[in-house]
2 protein chains.
Amino acid sequence: MSTATITVPVTVAEHENCPATSVLRRVGDKWSVVILSILERGAHGFNELDRSVEGLSRRMLTRTVRALEEDGLISRTVHPRVPPRVDYALTDLGRSFLEPVRALGLWAVAHQSDLEAAHSR
Amino acid sequence: MSTATITVPVTVAEHENCPATSVLRRVGDKWSVVILSILERGAHGFNELDRSVEGLSRRMLTRTVRALEEDGLISRTVHPRVPPRVDYALTDLGRSFLEPVRALGLWAVAHQSDLEAAHSR
DNA sequence: CCGTATCCGTAACGATACTG
DNA sequence: CAGTATCGTTACGGATACGG
């Protein structure tokens, strides 16, 4: 039984240093969760990912996978072949990250009608 | 034991219609979670909230509370007095929303060292 | 196949000044 | 006390073209 608590940042400095803030922002960006979720089902190459998600530009794919790699949520493996092959895959950290993210998604689905009701006012 | 699953949006249309997307974006914006967390400890007036968070402008406070109200996560009660008094408070929906959000925050704290290690490469 | 570089429009956000 | 209006800056993100 956990009794852990979180101190909510109430100053700019706290906000920017808070480990949760960067994670929350990553959850909020447009493509990260989609990429992570696709990689959950197996490793993919760059263009493969690009084609998997309609509307995702190569530019944003590059930036997103770079950021996810810097956070240690995915790995990037270069296979020196011709043609070149790069595999993106979830790390253990990325897999564990998806658990609370999924909880949030499930919350949204469970309360979808509440949200819609509130919005229609 | 839940077996619920989520279909990840892979097209622009799915992405924008997905109930989880808007929720994830709300989690990602700069002040929503901070405001919700402060309101968790009790109702507050507008300037009271403003002063509670250093670095939060009145402009963004207005926009944030409006958005949270539209989502049904907080309530806004106007007391017709002089001087005017407006109370912002968490709704039940807002309270339940904070549970998965907190799970995400706890994940970030628990894996803070992993994230820092990954980032220092 | 796997990206990078450049340009450009939009949206987020802060600062400041003003109102009921 | 509880906001709105306006402005300027910065970050996000798409389109396109080019390079290893």
Side-chain angles (χ1 to χ4, degrees), chain A residues 9-16 21-22 24-35 38-39 43-71 74-89, chain B residues 9-16 18 21-22 24-35 38-39 42-71 74-89:
Chain A
V10 291
T11 70
V12 177
E14 281 172 8
H15 196 265
E16 275 156 13
T21 299
S22 61
L24 293 179
R25 291 188 84 95
R26 180 134 320 299
V27 167
D29 82 15
K30 196 165 181 179
W31 300 114
S32 287
V33 172
V34 174
I35 300 294
I38 290 177
L39 290 180
H44 287 76
F46 186 88
N47 281 346
E48 209 176 348
L49 278 176
D50 194 27
R51 281 190 305 270
S52 296
V53 188
E54 185 231 62
L56 170 57
S57 63
R58 279 201 305 271
R59 177 182 135 85
M60 286 316 295
L61 177 55
T62 302
R63 296 173 66 102
T64 303
V65 292
R66 290 282 183 267
L68 292 174
E69 191 194 1
E70 277 167 23
D71 283 348
I74 69 175
S75 63
R76 178 174 178 276
T77 311
V78 181
H79 303 285
R81 302 182 198 147
V82 182
R85 167 76 188 186
V86 177
D87 271 329
Y88 292 98
Chain B
V10 292
T11 70
V12 177
E14 280 172 9
H15 195 264
E16 275 156 13
C18 178
T21 298
S22 61
L24 293 179
R25 291 188 85 94
R26 177 132 325 296
V27 167
D29 81 17
K30 196 164 182 179
W31 300 114
S32 288
V33 172
V34 174
I35 300 294
I38 290 178
L39 290 180
H44 287 78
F46 186 88
N47 283 346
E48 209 176 348
L49 277 176
D50 195 27
R51 281 189 306 269
S52 296
V53 188
E54 185 231 61
L56 170 58
S57 63
R58 280 201 303 272
R59 179 183 133 84
M60 286 316 295
L61 177 54
T62 302
R63 295 174 68 102
T64 304
V65 292
R66 291 280 184 270
L68 292 174
E69 191 195 1
E70 277 167 23
D71 283 347
I74 69 175
S75 62
R76 178 175 177 274
T77 312
V78 180
H79 303 284
R81 304 181 196 144
V82 182
R85 167 77 188 186
V86 177
D87 271 329
Y88 291 97

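Lettering follows sequence order; numbering is per chain, from 1. Fair warning: this is a prediction, and the values are worked out from it, not measured in the lab.
- Contact record, A/Val34 with B/Pro9: CG1-O, 3.4 Å, taken as the closest heavy-atom pair.
- The CZ atom of B/Arg66 sits 14 Å away from the C1' atom of D/dA5 (whole-angstrom rounding).
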Can you give each donor-acceptor pair under 3.5 Å made by side-chain atoms of residues 46-54 of chain A, sequence neighbours left out, with the distance rounded to 0.1 Å?
| residue | atom | partner | partner atom | Å |
| --- | --- | --- | --- | --- |
| A/Glu48 | OE1 | A/Gly45 | N | 2.8 |
| A/Ser52 | OG | A/Glu48 | O | 2.7 |
| A/Glu54 | OE1 | B/Val12 | N | 3.2 |

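- The shortest distance between side-chain heavy atoms of B/Thr77 and B/Val86 does not fall below 4.5 Å.
- If you measure from atom CG of A/Leu61 to atom P of D/dT16, you get 18 Å, rounded to the nearest angstrom.
- If one axis is set at each end of the helix from C/dG3-D/dC18 to C/dG20-D/dC1 from five pairs, those axes are 40° apart, to 10°.
- If you take NE2 of A/His44 and C1' of C/dC1, they are 16 Å apart, rounded to a whole angstrom.
- Remark: side-chain polar atoms of B/Glu14 are paired, donor with acceptor, to backbone N or O of B/Val10 under 3.5 angstrom.
- To the nearest angstrom, P of D/dA2 lies 14 Å from CD of B/Glu69.
- A straight line from CG of A/Asn47 to P of D/dG20 spans 17 Å, rounded to a whole angstrom.
- For B/Arg76, the listed nucleotide lying nearest its side chain is D/dA2; candidates were D/dA2, C/dC1, C/dG3.
- B/Thr62 has no side-chain polar atom (N or O) that falls below the 4.0 Å cut-off from OP1 or OP2 of D/dA2.
- Taking every heavy atom of both residues into account, B/Arg26 and B/Ala67 meet most closely at NH2-CB, 3.5 Å.
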- [ ] Go along nucleotides 10-20 of chain C 5' to 3' and tag each nucleotide: B for a protein heavy atom under 4.0 Å from its base, S when only backbone or sugar atoms are that close, - otherwise.
- [x] ---BBB-BB-B

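- At a threshold of 4.5 Å between non-hydrogen side-chain atoms, the residues B/Ser32 and B/Leu68 count as touching.
- Inspection of the A/His44 and A/Asp87 side chains reveals no N or O donor paired with an N or O acceptor under 3.5 Å.
- The side chain of A/Tyr88 places no N or O atom within less than 4.0 Å of a non-bridging phosphate oxygen (OP1 or OP2) of C/dC1.
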Open item on the list: Checking B/Trp31 against A/His15 for the side-chain contact (heavy atoms from CB on, under 4.5 Å) test, could you report, in this order, the C-alpha distance in whole Å, the side-chain angles of both residues, the deciding distance, and whether it holds?
Closed with: CA-CA 9 Å; B/Trp31 300 114; A/His15 196 265; 4.2 Å; yes

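- B/Leu61 and B/Ile35 get closest at one heavy-atom pair: CD1-CD1, 3.7 Å.
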